[in-house]
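As C-alpha cells, the structure follows; a few thoughts come after it.
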Amino acid sequence: MSRLTIDIPEPIDRLLRQRAQRAGRDVESEAGEMIRKALLFASIRELCQNATADFEKTGMDSEECIEQHLRDDHARRGVAYD
C-alpha cells in the first residue's frame with residue numbers, strides 16, 4: 001500500500017469526513033476507496049469510448065454488428081451458424 005498526502009479545501013474535507021462516517025470507515029480508507037472507484041470508472045468509460053469509436057468506424061448498424069459477432073463466435077467454436 002502506498003501513502004499519499006494531498007491538500008483539499010475545507011468544504012471537501014467536511015464532505016469526505018461525513019462520507020467516511022456514514023460508511024463506517026476512517027477518512028483515509030474512504031478517500032482511497034473513492035480514488036480507486038474514480039480511476040476504475042474512468043478506465044471503463046475510456047474502454048467504452050474506444051469501443052464506440054471502433055464500432056462507428058465499421059459503418060455497420062447495431063443489428064449488423066450483432067449478426068457479425070454471432071457469425072464470428074460460431075466460427076470460433078466450430079459450430080454452424082444458420
Side-chain angles (χ1 to χ4, degrees):
M1 212 37 102
S2 296
R3 181 164 289 286
L4 174 68
T5 302
I6 59 171
D7 294 320
I8 57 174
E10 185 61 37
I12 301 300
D13 181 64
R14 273 194 307 275
L15 288 172
L16 178 58
R17 289 179 186 286
Q18 289 170 359
R19 285 184 65 139
Q21 186 176 19
R22 282 195 305 269
R25 293 191 259 236
D26 59 65
V27 174
E28 292 82 4
S29 296
E30 183 65 15
E33 182 64 13
M34 291 174 68
I35 291 169
R36 186 190 70 78
K37 285 180 180 177
L39 293 173
L40 176 65
F41 290 130
S43 297
I44 292 169
R45 268 194 308 275
E46 185 179 312
L47 287 171
C48 291
Q49 288 170 343
N50 291 341
T52 299
D54 289 345
F55 169 70
E56 289 172 351
K57 288 177 190 174
T58 69
M60 289 188 271
D61 65 26
S62 59
E63 289 181 18
E64 291 171 317
C65 184
I66 292 168
E67 188 72 24
Q68 183 64 48
H69 172 73
L70 291 172
R71 277 195 297 273
D72 292 347
D73 181 59
H74 281 72
R76 195 172 26 257
R77 292 183 292 132
V79 178
Y81 182 71
D82 298 336

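- To the nearest 0.5 Å, atom NE2 of residue His69 and atom CZ of residue Arg76 are 6.5 Å apart.
- For the pair Leu15/Arg19, no side-chain contact is recorded, criterion being any heavy-atom separation below 4.5 Å from C-beta on.
- How far CG of Asp54 is from OG1 of Thr58: 9.0 Å, rounded to the nearest 0.5 Å.
- Under the 3.5 Å distance criterion, the side-chain polar atoms of Glu64 are matched with a main-chain donor or acceptor of Asp61.
- Nearest heavy-atom pair across Ala80 and His74 is O-CD2, 3.4 Å.
- Atoms CD and CG, on Glu33 and Leu40 in that order, are 9.5 Å from each other to the nearest 0.5 Å.
- In this structure, CG on Leu16 lies 6.0 Å from CE on Met34, to the nearest 0.5 angstrom.
- Ion pair Arg77/Asp73 flagged as a salt bridge, since at least one NZ, NE, NH1 or NH2 atom sits closer than 4.0 Å to an Asp/Glu carboxylate oxygen.
- Remark: Glu28 CD is packed, more than 12 non-hydrogen atoms of other residues, nucleotides or ligands lying under 6.0 Å away.
- Here the CD-CG distance, from Glu67 to Asp72, works out to 10.5 Å after rounding to the nearest 0.5 Å.
- Few gaps surround CD on Glu10; more than 12 heavy atoms of other groups in view lie less than 6.0 Å from it.
- Between the CD1 atom of Ile12 and the CG atom of Asp7 there is a distance of 13.5 Å, given to the nearest 0.5 Å.
- For the pair Phe55 and Met60, the tightest heavy-atom approach, listed with the atom from each and the gap, is CZ-O, 3.3 Å.
- A continuous path of Ile, Leu, Val, Met, Phe, Trp and Tyr side chains, each step under 4.5 Å between heavy atoms, connects Leu4 with Val27, placing both in one hydrophobic cluster.
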